[in-house]
Student: 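Before I ask anything, here is the structure I am working with.
Keep in mind that what you see is a predicted model, and the values were worked out from it rather than measured.
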Amino acid sequence: MIRSVVRGFGAALPKRVVTNKEMESLVETSDEWIVQRTGIRQRYIAGEGETTASLGEQAARAALERAGLTPADIDLVIVATSTPDNTFPATAVNIQHRLGMTHGYAFDVQAVCTGFVYAMATADAHLRAGLAKRALVIGAETFSRILDWTDRTTCVLFGDGAGALVLEAAEGEGTVADRGVLTSHLRSDGAHKDKLYVDGGPSSTGTVGHLRMEGREVFKHAVGMITDVIEAAFEATGTTADDLDWLVPHQANRRIIDGSAKKLGINIDKVVVTVDLHGNTSAASIPLALSVAAGDGRIKQGDLVMLEAMGGGFTWGAVLLRW
């Protein structure tokens with residue numbers, strides 16, 4: 001059986017760090033208010049010359065270096081993003097060119113904060129189908145470019161960054177002991193569109209628009225949706241919360257993360273939390289968190305790792321893999 005095995009990981013962040021204290025000078029808010037409600041203490045904001053593609057390229061190069069590979073070894077690039085450099089071509093094609101690749105194929109996936117989970121599931125399907133041998137799966141965002149910096153309920157939440165994994169098709173035994181992606185579960189429900197969206201677009205307004213969110217509504221749905229896909233992943237593999245080594249959730253809100261772990265019976269010590277460092281970086285948040293936890297040695301080869309996210313649309317999903 002073909003499994004999609006992680007060979008390398010990498011991350012990239014803008015140069016500028018914006019603390020909650022600095023946010024106090026921009027909008028009516030406070031460090032105490034932000035930390036109490038979200039767990040966020042700082043975020044990174046892209047400056048001039050820093051774009052979704054440039055950050056994605058940096059993360060991709062870091063992942064390739066850790067994998068001991070070069071762009072010549074990659075034949076698929078998938079970028080999860082809601083903030084592309086251009087309406088088209090895809091940011092993945094841009095990154096492919098930046099890496100010096102003239103072979104293989106590249107495309108974007110748009111599922112907002114669940115984008116990286118969707119991208120992982122898509123890359124896994126392509127590798128198992130034999131369409132590609134090795135894939136770069138990248139989550140990259142510059143959400144600061146679509147924020148309304150006068151809206152204190154949203155501008156304090158989001159940040160910029162990118163993370164990447166190298167996946168390689170490898171032979172497995174077809175059991176949960178295999179390294180690689182074991183199962184993926186994706187969901188969406190467009191009935192919730194108006195609860196988290198951008199109020200612009202090429203076809204509707206001819207503008208980029210700004211992010212709009214009904215925070216309480218998103219929070220109300222989040223824990224239940226996350227629980228749904230994680231339980232589906234456990235059922236599909238015959239595993240339980242006790243078997244899990246690490247839960248790597250989308251880093252949106254510390255209260256959502258804690259609430260989901262509690263409902264699922266997952267010890268909080270098994271949960272990777274980086275929302276305090278990065279804020280909500282949408283599709284970049286899971287690969288950034290993976291890079292932190294794998295980079296500091298917490299996530300080790302052979303560990304059972306659950307990725308989960310929920311985002312605008314609503315979209316939600318989970319991927320269970322053995323590192």
Side-chain angles (χ1 to χ4, degrees), residues 6 8-23 26 31 34-35 38-67 77-85 91-92 94-95 98-99 108 112-113 115-117 119-120 136-147 149 154-166 211 248-254 257 272-299 307 309 311:
V6 176
F9 59 88
L13 292 162
K15 296 181 180 67
R16 183 186 173 199
V17 179
V18 176
T19 63
N20 289 349
K21 195 69 180 173
E22 186 173 345
M23 293 301 301
L26 299 175
D31 174 64
I34 298 170
V35 172
T38 70
I40 297 167
R41 297 184 181 277
Q42 63 174 43
R43 72 286 293 148
Y44 291 77
I45 301 297
E48 187 176 351
E50 293 177 320
T51 70
T52 296
S54 72
L55 292 168
E57 178 197 357
Q58 290 175 47
R61 289 190 182 279
L64 286 168
E65 182 177 356
R66 192 173 288 272
V77 180
I78 302 179
V79 174
T81 188
S82 297
T83 51
D85 281 30
T91 298
N94 188 340
I95 292 173
R98 286 168 172 264
L99 293 172
D108 287 358
V112 201
C113 298
F116 190 77
V117 171
M120 284 286 287
L136 266 171
V137 186
I138 304 165
E141 302 281 18
T142 45
F143 255 53
S144 63
R145 306 263 159 84
I146 58 169
L147 295 178
W149 287 93
T154 58
C155 72
V156 300
L157 304 178
F158 294 90
D160 305 329
L165 295 183
V166 175
L211 182 147
V248 184
H250 166 51
Q251 307 289 319
N253 183 299
R254 181 63 195 255
I257 293 170
V272 175
V273 180
T274 59
V275 68
D276 55 324
L277 302 174
H278 304 142
N280 183 344
T281 55
S282 189
S285 80
I286 288 176
L288 277 171
L290 281 170
S291 291
V292 169
D296 65 21
R298 275 178 287 171
I299 296 178
L307 316 180

Student: Is the shortest distance from a Lys or Arg side-chain nitrogen in Glu57 or Arg61 to a carboxylate oxygen in the other one below 4.0 Å?
Tutor: yes

Student: Distance from Thr154 atom OG1 to Trp149 atom CH2, nearest 0.5 Å?
Tutor: 9.0 Å

Student: Between Arg43 and Asn280, is there a donor-acceptor pair closer than 3.5 Å when you use the side chain of the first and the backbone of the second?
Tutor: no

Student: Name all residues meeting the side-chain hydrogen bond (donor to acceptor under 3.5 Å, both in side chains) criterion together with Thr52; count only those two or more places apart in sequence or in a different chain, and write none if there are none.
Tutor: Thr83, Thr142

Student: The test is side chain to side chain contact (heavy atoms under 4.5 Å, CB included); show your working for Met120 and Ile286 and say whether it passes.
Tutor: CA-CA 11 Å; Met120 284 286 287; Ile286 288 176; over 6 Å; no

Student: For Glu65, look at atom CD and say whether over 12 heavy atoms of other residues, nucleotides or ligands are found less than 6.0 Å away.
Tutor: no

Student: Determine the minimum heavy-atom distance between Glu50 and Ile45, stating which atoms define it.
Tutor: OE1-O, 4.2 Å

Student: If I take atom CD1 from residue Ile34 and atom CG from residue Asn20, how far apart are they, to the nearest 0.5 angstrom?
Tutor: 4.0 Å

Student: Grab the two heavy atoms, one from Ala11 and one from Ala62, that are nearest each other, plus how far apart they are.
Tutor: N-CB, 4.2 Å

Student: Report yes if the side chains of Asn253 and Val275 come closer than 4.5 Å at any heavy-atom pair, otherwise no.
Tutor: no

Student: Verify, without hydrogens or angle tests, whether Asn94 (side chain) and Ala53 (backbone) share a donor-acceptor contact under 3.5 angstrom.
Tutor: no

Student: Can you measure from NE2 (His250) to CG (Leu307) and round to the nearest 0.5 angstrom?
Tutor: 13.0 Å

Student: Under a 3.5 Å distance rule, please check whether Glu141 uses its side chain to pair with a backbone N or O of Ser82 as donor and acceptor.
Tutor: yes

Student: How far does CZ of Arg16 sit from OG of Ser144, to the nearest 0.5 angstrom?
Tutor: 9.0 Å

Student: Within a 6.0 Å radius of atom CZ on Arg98, are there more than 12 heavy atoms belonging to other residues, nucleotides or ligands?
Tutor: yes

Student: Going through the checks in order, is the side chain to side chain contact (heavy atoms under 4.5 Å, CB included) test met by Arg298 and Val292?
Tutor: CA-CA 9 Å; Arg298 275 178 287 171; Val292 169; 3.6 Å; yes

Student: Has the side chain of Thr274 got a donor or acceptor atom that lies under 3.5 Å from a matching backbone atom of Leu277?
Tutor: no

Student: What are the two closest non-hydrogen atoms of Ala164 and Pro287, and how far apart are they?
Tutor: N-CB, 3.8 Å

Student: Roughly how far, to the nearest 0.5 Å, is the OG atom of Ser285 from the CZ atom of Phe116?
Tutor: 9.5 Å

Student: Using modelled atom types only, decide if a donor and an acceptor are shared between the side chain of Gln58 and the backbone of Pro14 within a distance under 3.5 Å.
Tutor: no

Student: Looking only at heavy atoms, which two atoms of Ala80 and Ala283 are closest? And how far apart?
Tutor: O-CB, 3.5 Å

Student: Would you check if Val248 and Ile299 make a side-chain contact, meaning some heavy-atom pair closer than 4.5 Å?
Tutor: yes

Student: Are any side-chain N or O atoms of Asp108 and backbone N or O atoms of Ala92, one a donor and one an acceptor, separated by less than 3.5 Å?
Tutor: yes

Student: Phe158: which residues meet the ring pair (Phe, Tyr, Trp, His ring centres under 6.0 Å) condition with it, sequence neighbours left out?
Tutor: Phe143

Student: Please find the pair of heavy atoms, one from Leu136 and one from Leu99, that lie closest to each other, and give the distance.
Tutor: CD1-CD1, 3.7 Å

Student: Does a donor on one side chain and an acceptor on the other come within less than 3.5 Å for Gln42 and Thr19?
Tutor: no

Student: OG1 of Thr38 to CG of Leu157: how many Å apart, nearest 0.5 Å?
Tutor: 6.5 Å

Student: Considering non-hydrogen atoms only, spot the tightest contact between Ala289 and Gln251 and give its length.
Tutor: CB-NE2, 4.1 Å

Student: Assess the residue pair Leu13 and Leu288 against the criterion (side chain to side chain contact (heavy atoms under 4.5 Å, CB included)); give the C-alpha distance rounded to whole Å, side-chain angles, the decisive distance to 0.1 Å, and a yes or no.
Tutor: CA-CA 9 Å; Leu13 292 162; Leu288 277 171; 4.0 Å; yes

Student: Using side-chain heavy atoms (C-beta onward) and a distance below 4.5 Å, is Val6 in contact with Val166?
Tutor: no

Student: Quick one: which residue pairs count as a salt bridge (charged side-chain N to carboxylate O under 4.0 Å, His left out) with a foot in residues 155-165, not counting sequence neighbours?
Tutor: none

